[in-house]
Peer 1: 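Got a structure here, written out as structure tokens. Questions coming.
Worth saying up front: this structure is predicted, and the values here are computed from it rather than measured. For reference, positions follow the sequence shown, starting with 1. Every number for a ligand or one of its atoms is a count from 1 in the order of the listing.
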Amino acid sequence: MRLRRLLLVSAAAVALGGTLNVVPVSAGSSPPDPSNQSLKALGQRHNLYIGTAVDMAALDDPADPKYRELVKSEFSSVTAENVMKWESLEPTRGTYNWGPADKLIEFARKNNQKVRGHVLVWQNQLPTWLTEGVANGTISTTELRDLLKKHITNVAKHFKGKIWQWDVVNEAASDPWDSPSSIHLKGFWAQHLGPNYIADAFRWARAADPSALLFYNDYNLEAFGDKGPSDKTYYVYNMVKQLKQSGVPIDGVGSQGHLGTQYGNYNAFQVKEALDAFSGLGLSTAFTEVDVRSQMTAGVQGGDSNEINPRLQASSDNFSVLMQACLANRHCLSFTFWGFTDKHSWVPTWFTDPLEGLATLYDESYQPKRAYYAIKSDLIFAGPPYVLPRGKK
Ligand code: XIL
């Protein structure tokens, strides 16, 4: 009798599993060993795309096959770490270098991966012909605006239909440590074109590729602060609210998620609150550049486990907080790491005083770290009622 009931239950589970696309668990058997499943397979249960930034030199390096293998096997979305930036695409005025970016798009197509386009408008990694031309007065403000429109149009059209999400405008807001400390629009574009370049950029991008989701992307947006004038998350919240209300075609906010273990950081509820605020405006959300760096003290560099272990544990916790918040916000479409191995991470080349590192999921020899398992367990143990698949009603 008891056996019969179990058999019936398991038959029902198989039937359900068939329709809901979940792994059926029949009596007496256990679910598949999660350690054999990739991040992307586990993300799929939630309809959440798991991405990585891709360094094209590493992807193409025959001496480093593991890099390519892991980009393929672990991730369902890719972002060009550098090759879609203006200085890479148009190093000489009027001459485009599409090769490396096209290679990534082709790689993604072959491996059934989505592509996040990064980036259309940013004040960094601009070609020198542009910045110098503006500085020496040979490029006027009117011409600069035309050049930006042309850039967005050409780039978005070139990749039309192949980009899932575009970072249309990146890092436009200042930080509280800037002067003045009240958050404002900063950098090259705001200085030369004034605040309206943001709305213009979204409109030009939409016109060029109507099917891509258009994102505003920035760092230090993980959680609200005091909602005063120096609260960057609150500033960006109000900015995108305004854009939305004015009918500007913006679809999402990308929270970069560059964290460091030396800071206090947040809990998952605080991060979820910020994502919920953005999605409450009718926007999608995404984590777009997640990494968690640590200071590379002499002890860390010397292999002292007393110094290394607390960093690995803190990093794992911080990764996890962002992932849990993303899982809990049904509009959080993708979770992208800014590189996945310490062998190829921007952190030690960028944060040098003091030196920082240890910022990714795998060490320099491609051994998964504690954070990798934490992310996996977040994906495995999350489910209803707090975590529901995204994008489906
Ligand atoms: C970084 C790259 O990782 C580096 O290789 C490059 O030298 C500088 O840019 N925010 C962004 C990314 O939006 O484009 C930056 O990428 C990291 C910070």
Peer 1: Picking from Lys157, Lys150, His151, what satisfies side chain to side chain contact (heavy atoms under 4.5 Å, CB included) with Thr153?
Peer 2: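 Of all the options given, the one that passes is Lys157.
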Peer 1: Can you tell me if Tyr219 contacts ligand 1 (heavy atom of the residue under 4.0 Å from the ligand)?
Peer 2: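 No, Tyr219 has no heavy atoms under 4.0 Å from ligand 1.
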Peer 1: Using a heavy-atom cut-off of under 4.0 Å, does the side chain or the backbone of Asp167 touch ligand 1, or both, or neither?
Peer 2: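 It is neither part, as no heavy atom is under 4.0 Å.
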Peer 1: Any idea which part of Asn170 is under 4.0 Å from ligand 1, heavy-atom wise: side chain, backbone, both or neither?
Peer 2: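 The answer is the side chain.
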Peer 1: Of the listed options (Lys85, His344, Glu289), which comes nearest to atom 13 (O) of ligand 1 when hydrogens are ignored and any heavy atom counts?
Peer 2: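 Considering heavy atoms of Lys85, His344, Glu289, the nearest to atom 13 (O) of ligand 1 sits in Glu289.
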Peer 1: Which pair of non-hydrogen atoms, one from Ile308 and one from Val300, has the smallest distance, and what is that distance?
Peer 2: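 For Ile308 and Val300, the tightest heavy-atom pair comes out as CD1-O, 3.7 Å.
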Peer 1: Using a 3.5 Å cut-off on N or O atoms only, is Asn217 in polar contact with ligand 1?
Peer 2: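 Such a contact does not occur with ligand 1.
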Peer 1: Salt bridge or not for Lys343 and Asp363, using N-O below 4.0 Å?
Peer 2: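 No salt bridge links Lys343 with Asp363.
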Peer 1: Where is the nearest protein heavy atom to atom 7 (O) of ligand 1: which residue, which atom, and how far?
Peer 2: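 The closest heavy atom on the protein side is Trp350 CZ3, 4.0 Å.
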Peer 1: Which class fits the ring pair Trp122 and His118: parallel under 30°, tilted 30 to 60°, perpendicular over 60°?
Peer 2: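 Aromatic pair Trp122/His118 classed tilted.
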Peer 1: Would Trp346 count as being in polar contact with ligand 1, using the rule that some N or O on each side must be under 3.5 angstrom apart?
Peer 2: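 N/O-N/O distance below 3.5 Å does not exist for this pair.
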Peer 1: Measure from NZ or CZ of Lys114 to the centre of the six-membered ring of Tyr49 and say whether it is under 6.0 Å with the direction within 45° of the ring axis.
Peer 2: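 So Lys114 does make the cation-pi contact.
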Peer 1: Quick one: sort the Phe224 and Tyr237 rings into parallel, tilted or perpendicular, breaks at 30° and 60°.
Peer 2: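 The arrangement is perpendicular - the two ring planes meet at more than 60°.
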Peer 1: Starting from atom 8 (C) of ligand 1, what is the nearest protein heavy atom, named by residue and atom, and what distance separates them?
Peer 2: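 Here the nearest protein heavy atom works out to Gln125 OE1, 3.5 Å.
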Peer 1: Nearest heavy atom to atom 4 (C) of ligand 1 wins, so pick from Asp218, Asn82, Val119, Asp291.
Peer 2: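 When every heavy atom of Asp218, Asn82, Val119, Asp291 is considered, Asn82 comes closest to atom 4 (C) of ligand 1.
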Peer 1: Does the side chain of Glu289 come within less than 4.5 Å of Thr79's, by heavy atoms?
Peer 2: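 Side chain of Thr79 against side chain of Glu289, heavy atoms only: no contact under 4.5 Å found.
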Peer 1: Would you mind checking which non-hydrogen protein atom is closest to atom 3 (O) of ligand 1, with the distance to 0.1 Å?
Peer 2: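 Ranked first by proximity to atom 3 (O) of ligand 1 is Glu81 OE2, 2.5 Å.
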